[in-house]
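Working notes, structure below.
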Protein chains: 2
Amino acid sequence: MPLMDHPAVQKFVLHWGEMGSQWGVNRSVSQIHALLYLSDRPLHAEEIVEALSLARSNVSTGLKELQGYGIVRRTHVPGDRRDHFVAETDLWEMLLRIAAERKRREIDPTIAHLAELAREAEADGALPPHVRQRIARMHEFIGTLSGWYEQVRGLPKPTLVALMKLGGKVARFVSPFGRKGDAAAD
Amino acid sequence: MPLMDHPAVQKFVLHWGEMGSQWGVNRSVSQIHALLYLSDRPLHAEEIVEALSLARSNVSTGLKELQGYGIVRRTHVPGDRRDHFVAETDLWEMLLRIAAERKRREIDPTIAHLAELAREAEADGALPPHVRQRIARMHEFIGTLSGWYEQVRGLPKPTLVALMKLGGKVARFVSPFGRKGDAAAD
DNA sequence: AAATTCTTTCTGTTTTTACTGAAGCAAGCG
DNA sequence: CGCTTGCTTCAGTAAAAACAGAAAGAATTT
């Protein structure tokens with residue numbers, strides 16, 4: 001029984017496609033991803049074509065994109081020449097990879113661009129000081145976020161999970177003036 | 001001298017517009033936002049029209065959207081009937097508000113949808129167990145992230161900044177006997 | 001190496017989204 | 001009031017993105 005025949009699968013895939021498009025990801029791409037996520041075995045392109053009623057070419061492009069994000073990978077099924085595909089099922093891993101790739105594609109170039117702009121702004125005497133300052137602030141801000149991500153991405157998953165569960169409580173480890181090591185657990 | 005006459009401003013606005021569209025935000029909307037961010041005084045719609053060469057109606061819609069995100073607000077300039085607009089300049093505040101709004105619009109409905117799906121999946125005997133499990137896992141995962149956000153958003157800004165600067169080092173509070181990749185190095 | 005099977009790339013079409021200009025509406029002013 | 005000014009909504013148009021089908025390109029088999 002094909003996966004898509006289950007109403008729950010159908011709905012999941014449709015919603016995931018919607019979500020994607022709200023975040024700047026092509027709807028077909030996120031649908032393919034959703035389908036693979038719910039599959040417990042590697043699928044080949046033709047199966048995806050049938051499940052989602054997409055053109056073969058479209059599926060090919062979509063798979064490439066997903067592989068670019070590192071959340072889908074090709075595998076081989078013994079005795080079958082066709083490429084098969086599986087999605088990352090560890091959701092932390094998935095999130096971190098998507099984040100990494102979007103950072104690489106969008107954030108890093110933005111930081112570079114802002115750095116360049118900040119340099120130019122420095123040289124431009126006619127530029128109002130507040131503009132210079134706001135560009136610099138944005139540059140710094142995005143840089144800080146980016147640096148934070150770089151650090152967090154390297155943490156072992158159990159640590160991430162623990163931190164997340166801790167939520168706002170981590171705040172007690174940091175006090176505006178105090179020492180960072182002041183761990184007053186309750 | 002109009003803001004947009006400065007090359008740095010021009011470039012900033014264009015790049016910000018690009019960025020926006022990659023994240024599912026209308027290019028005009030993010031351009032308007034960029035312009036207001038760089039302005040040190042409230043602008044009225046007509047000024048934005050001229051600066052960005054957009055239709056008046058378009059600017060009106062864009063401003064409404066930005067107000068919806070809570071990152072632009074209307075002000076009144078004494079002796080002028082027209083509405084004027086200023087952008088939030090505190091970047092933390094900006095980020096948190098955008099996050100809050102996107103959560104409200106996209107994440108919360110998704111969680112609700114997943115909850116509904118999970119219920120249905122429970123009842124559907126024909127549904128393969130691994131599908132049930134993966135839907136449940138996704139539901140839980142997004143719920144956890146969402147809960148984390150709710151906690152973090154409430155923290156005072158200096159605390160946020162401190163935590164961010166601390167980066168991966170917060171890990172030592174949660175896994176005292178650090179593991180691979182853990183930020184053991186000072 | 002010819003034929004088959006599978007994948008990717010390319011081009012034209014469709015669909016969606018963004019945008020404009022006009023019309024409608026509201027508020028303040030003469 | 002009725003006129004002016006400013007804002008929003010709406011409908012048609014333009015631009016952009018997504019998509020399908022055809023053609024080309026690899027790889028494998030015979």
Side-chain angles (χ1 to χ4, degrees), chain A residues 13-36 42-69 72-86 102 105-106, chain B residues 13-36 42-69 72-86 102 105-106:
Chain A
V13 167
L14 288 182
H15 188 90
W16 206 242
E18 260 334 290
M19 268 297 264
S21 66
Q22 283 173 318
W23 288 86
V25 176
N26 180 307
R27 180 181 277 101
S28 304
V29 170
S30 28
Q31 285 188 356
I32 294 171
H33 178 238
L35 180 65
L36 288 173
L43 302 180
H44 60 259
E46 199 56 42
E47 290 180 286
I48 300 174
V49 165
E50 279 161 28
L52 303 177
S53 312
L54 298 173
R56 182 59 238 275
S57 56
N58 210 359
V59 169
S60 179
T61 309
L63 287 168
K64 215 171 138 194
E65 178 74 358
L66 289 167
Q67 286 172 281
Y69 275 105
V72 161
R73 67 168 203 281
R74 265 183 26 200
T75 58
H76 286 287
V77 168
D80 195 330
R81 265 179 60 193
R82 294 168 292 189
D83 290 340
H84 287 64
F85 300 89
V86 280
R102 295 207 78 151
R105 292 189 197 179
E106 297 151 23
Chain B
V13 167
L14 288 182
H15 188 89
W16 206 242
E18 260 333 289
M19 268 297 263
S21 66
Q22 283 172 318
W23 289 86
V25 176
N26 181 307
R27 179 179 279 102
S28 304
V29 171
S30 28
Q31 285 189 355
I32 295 171
H33 178 238
L35 180 65
L36 288 174
L43 302 180
H44 60 260
E46 199 56 42
E47 290 180 287
I48 300 174
V49 165
E50 279 161 28
L52 303 176
S53 312
L54 298 173
R56 182 58 238 274
S57 55
N58 207 2
V59 169
S60 179
T61 311
L63 286 168
K64 216 171 139 195
E65 177 74 358
L66 289 167
Q67 286 173 281
Y69 275 106
V72 161
R73 68 169 204 282
R74 265 183 25 200
T75 58
H76 287 287
V77 168
D80 195 330
R81 266 178 59 195
R82 293 168 294 189
D83 290 339
H84 287 64
F85 300 89
V86 280
R102 295 207 78 150
R105 292 189 196 178
E106 297 150 23

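Chain naming here is simple, since letters A, B, ... match the order of the sequence lines and numbering starts at 1 in each.
Residue-level contact check: A:S53 touches the backbone only, with heavy atoms under 4.0 Å from sugar-phosphate atoms and none from bases.
Listed candidates were D:dC7, C:dT7, C:dT20. Nearest to the side chain of B:D83 is D:dC7. Checked against D:dC7, D:dC19, D:dC10, the side chain of B:S60 finds its nearest nucleotide in D:dC7.
Closest non-hydrogen pair, A:T75 versus A:F85, comes out as OG1-N, 4.4 Å. The minimum heavy-atom distance linking A:Q31 with A:V13 is given by the pair CG-O, 3.7 Å.
In this structure, A:K64 atom NZ and D:dA26 atom P are separated by 13 Å, rounded to whole Å. Protein atom CZ of A:R82 is 14 Å distant from nucleotide atom P of D:dT29, rounded to whole Å. Protein atom CG of B:N26 is 6 Å distant from nucleotide atom C1' of C:dA18, rounded to whole Å. Here D:dT9 presents its P atom at 12 Å from CZ of B:R56, a figure rounded to the nearest Å. Protein atom CG of B:D80 is 14 Å distant from nucleotide atom C1' of C:dA27, rounded to whole Å. If you measure from atom CZ of B:R74 to atom P of D:dC7, you get 9 Å, rounded to the nearest angstrom. Distance, A:Q22 CD to D:dA18 P: 14 Å, rounded to whole Å. Distance CZ (A:R27) to C1' (D:dA16): 15 Å, rounded to an integer number of Å.
No donor-acceptor contact under 3.5 Å links the side chain of A:S28 to the base of D:dA18.
Residues A:N58 and B:R81 both approach DNA chain D. Their nearest nucleotides, taken by heavy-atom distance, put B:R81 toward the 5′ side.
There is a side-chain donor-acceptor pair under 3.5 Å between A:E47 and A:H44.
Remark: A:R102 fails to qualify as a cation-pi partner of A:Y69 under the 6.0 Å distance and 45° angle criteria applied to the six-membered ring.
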